[in-house]
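Here the structure is laid out as structure tokens; the discussion comes afterwards.
In what follows, every chain begins at residue 1, and chains take the letters A, B, ... in the order their sequences are listed.
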There are 2 protein chains.
Amino acid sequence: MSQHRQTRIQRRNSEAILEAALEVFSQQGFRGATLDQIAEVAGLSKPNLLYYFPSKEAIHVAVLSRLLDVWLDPLRAMNPDGEPVAEILGYVRRKLELSRDFPRESRLFANEILQGAPRMRAVIEGELRPLVMDKAAVLTRWMDEGRIARLHPVHLIFSIWALTQHYADFDVQVRAVLEGEDPYPAAAGYLEVLFRKLLAV
Amino acid sequence: MSQHRQTRIQRRNSEAILEAALEVFSQQGFRGATLDQIAEVAGLSKPNLLYYFPSKEAIHVAVLSRLLDVWLDPLRAMNPDGEPVAEILGYVRRKLELSRDFPRESRLFANEILQGAPRMRAVIEGELRPLVMDKAAVLTRWMDEGRIARLHPVHLIFSIWALTQHYADFDVQVRAVLEGEDPYPAAAGYLEVLFRKLLAV
DNA sequence: GGCCGGTTTGACCATCCGGTCAGCTTTGGT
DNA sequence: ACCAAAGCTGACCGGATGGTCAAACCGGCC
């Protein structure tokens with residue numbers, strides 16, 4: 001029917017596989033995950049997985065590439081024509097919501113970078129770097145216009161990533177220290193204060 | 001000869017194994033690492049590894065427990081009787097130096113937390129949490145005395161961890177964006193400015 | 001009902017990997 | 001020099017795991 005002739009069954013099963021793979025890969029890492037586990041979570045048999053994807057590696061790559069777009073959307077959404085502090089705080093808030101609502105995605109991404117990004121280096125250099133450079137230029141312009149404090153723009157972006165992703169990636173540690181208390185309400189308030197002070201001219 | 005009768009050979013080989021295990025575990029994760037790889041890096045045979053340690057798991061635990069002390073030392077070194085801003089900036093600086101000089105340790109730790117800390121949860125709850133609580137109390141006192149801005153003390157500590165460890169754990173990403181430029185000089189300056197602004201009353 | 005392409009699976013294979021063991025070599029004390 | 005203990009290793013085992021395949025199954029169309 002459509003240009004990429006994909007049946008209902010294909011769409012449903014591919015989706016189930018990618019969802020299950022995200023669950024298992026983000027918990028166990030690439031090497032720690034087994035096709036049997038993914039098949040079990042997806043409710044399919046192992047050979048059936050390999051009917052839809054040629055290999056374990058292909059599943060991993062598919063999950064990662066689907067992930068990256070969602071992951072970069074908040075940065076893309078930072079509007080060069082908006083009010084600087086509001087735009088940056090909005091970016092921080094959206095990124096923190098991503099950590100809260102999609103911790104598996106965050107951990108899978110962290111895992112991949114930790115291992116040296118063997119399957120993503122090309123994408124990082126080809127897509128992430130230009131985007132960061134573009135947004136860094138916007139930040140620099142805002143600094144030149146005196147609308148936010150002068151800071152290293154790229155490290156400013158790094159600090160947003162670090163502070164927000166920490167709550168997803170180190171969730172176990174955070175909750176252990178906080179004795180299980182939900183960290184997100186306090187984190188949202190803390191980060192807003194932090195960036196307001198940091199950006200004030 | 002000594003109370004823990006350990007020969008020169010034992011000390012040398014145990015050391016070589018732990019060093020090799022750190023190298024391999026931090027790059028590949030627990031499941032991704034193999035005894036053969038560790039043996040190769042250590043310059044020993046696989047059965048010889050298992051002459052010194054009873055299992056792969058035991059090696060991993062040994063590496064992790066040696067790690068934790070070094071990792072928490074900078075926080076322990078924060079002096080309750082010192083000048084607040086200097087103490088906190090000193091902590092940030094030491095933690096960033098740890099990321100720069102011991103990135104493998106940072107990544108191994110990150111890996112363990114990412115997987116849900118299966119082999120460290122007890123230590124985190126029994127050692128890290130009390131230490132954080134203790135230092136959080138010191139920070140709260142400084143805030144009460146009006147010597148630093150009032151902030152959530154535990155999230156303040158989290159933000160120090162997040163911002164400093166990011167440079168070790170996401171090294172590949174950081175360097176990809178910066179086109180290979182050494183991030184540490186700029187990071188040190190950026191973080192000092194950030195925390196000075198944040199802590200100013 | 002019968003056919004056909006897409007879908008599913010049980011059984012199987014080859015490899016990897018943690019761990020064992022019997023016996024060899026080296027070391028150090030006397 | 002001798003010997004007992006410490007240190008070391010090649011060969012092997014058993015289970016896990018990614019991947020294959022021939023055969024069975026199933027749903028829509030004539």
Begin with the C-alpha distance, continue with both residues' side-chain angles, and end with the deciding distance and a verdict on side-chain contact (heavy atoms from CB on, under 4.5 Å) for B:Tyr51 and B:Asn13.
-> CA-CA 10 Å; B:Tyr51 173 76; B:Asn13 284 352; over 6 Å; no

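For A:Glu83, there are no salt bridge (Lys or Arg N to Asp or Glu O under 4.0 Å) partners two or more places apart in sequence or in a different chain. Scored by the salt bridge (Lys or Arg N to Asp or Glu O under 4.0 Å) test, A:Glu181 finds no partners at all (sequence neighbours excluded). Annotation: side chain to side chain donor-acceptor pair (under 3.5 Å) contacts of B:Gln28 (sequence neighbours excluded): none. Considering only residues two or more places apart in sequence or on other chains, A:Ala21 meets the side chain to side chain contact (heavy atoms under 4.5 Å, CB included) condition with A:Phe25, A:Ile38, A:Ile59, A:Val63. Residues forming a side chain to side chain donor-acceptor pair (under 3.5 Å) with B:His152 (at least two apart in sequence, or on another chain): none. By the side chain to side chain donor-acceptor pair (under 3.5 Å) test, B:Glu87 is found to be paired with no residue, residues two or more places apart in sequence or in another chain being considered. The side chain to side chain donor-acceptor pair (under 3.5 Å) check on A:Glu125 picks up nothing, with sequence neighbours excluded.
Across residues 53-65 of chain A, A:Ser55, A:Lys56 each have a non-hydrogen atom less than 4.0 Å from an atom of DNA chain D (numbered order). Only A:Asn13, A:Arg31, listed by number, bring a heavy atom of residues 13-43 of chain A to less than 4.0 angstrom from any atom of DNA chain C.
Residue pairs meeting the side-chain hydrogen bond (donor to acceptor under 3.5 Å, both in side chains) criterion with at least one member in residues 184-201 of chain B, sequence neighbours excluded: A:Ser159-B:Tyr190, B:Glu192-B:Arg196. Screening residues 64-78 of chain B for salt bridge (Lys or Arg N to Asp or Glu O under 4.0 Å), with sequence neighbours left out, gives B:Glu15-B:Arg66, B:Asp69-B:Arg76, B:Asp73-B:Arg76, B:Arg76-B:Glu127.
Remark: A:Gln10 is in phosphate contact with C:dT7, judged by side-chain N or O atoms under 4.0 Å from OP1 or OP2.
When the P atom of D:dA6 is taken as reference, atom CZ of B:Arg11 falls 16 Å away, rounded to whole Å. Straight-line distance from the OH atom of A:Tyr52 to the C1' atom of C:dT9: 13 Å, rounded to whole Å. Atom OH of A:Tyr51 is separated from atom P of C:dG5 by 13 Å (rounded to the nearest Å). When the P atom of C:dC17 is taken as reference, atom CG of B:Leu49 falls 15 Å away, rounded to whole Å. Straight-line distance from the NZ atom of A:Lys46 to the P atom of C:dG10: 12 Å, rounded to whole Å. Atoms CG (A:Leu50) and C1' (C:dA11) sit 15 Å apart, rounded to a whole Å.
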Heavy-atom protein contacts under 4.0 Å, nucleotides 23-30 of chain C, coded B base, S sugar-phosphate only, - none | -----S--

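In this structure, the side chain of A:Arg119 does not engage the main chain of A:Leu64 through any donor-acceptor pair within 3.5 Å.
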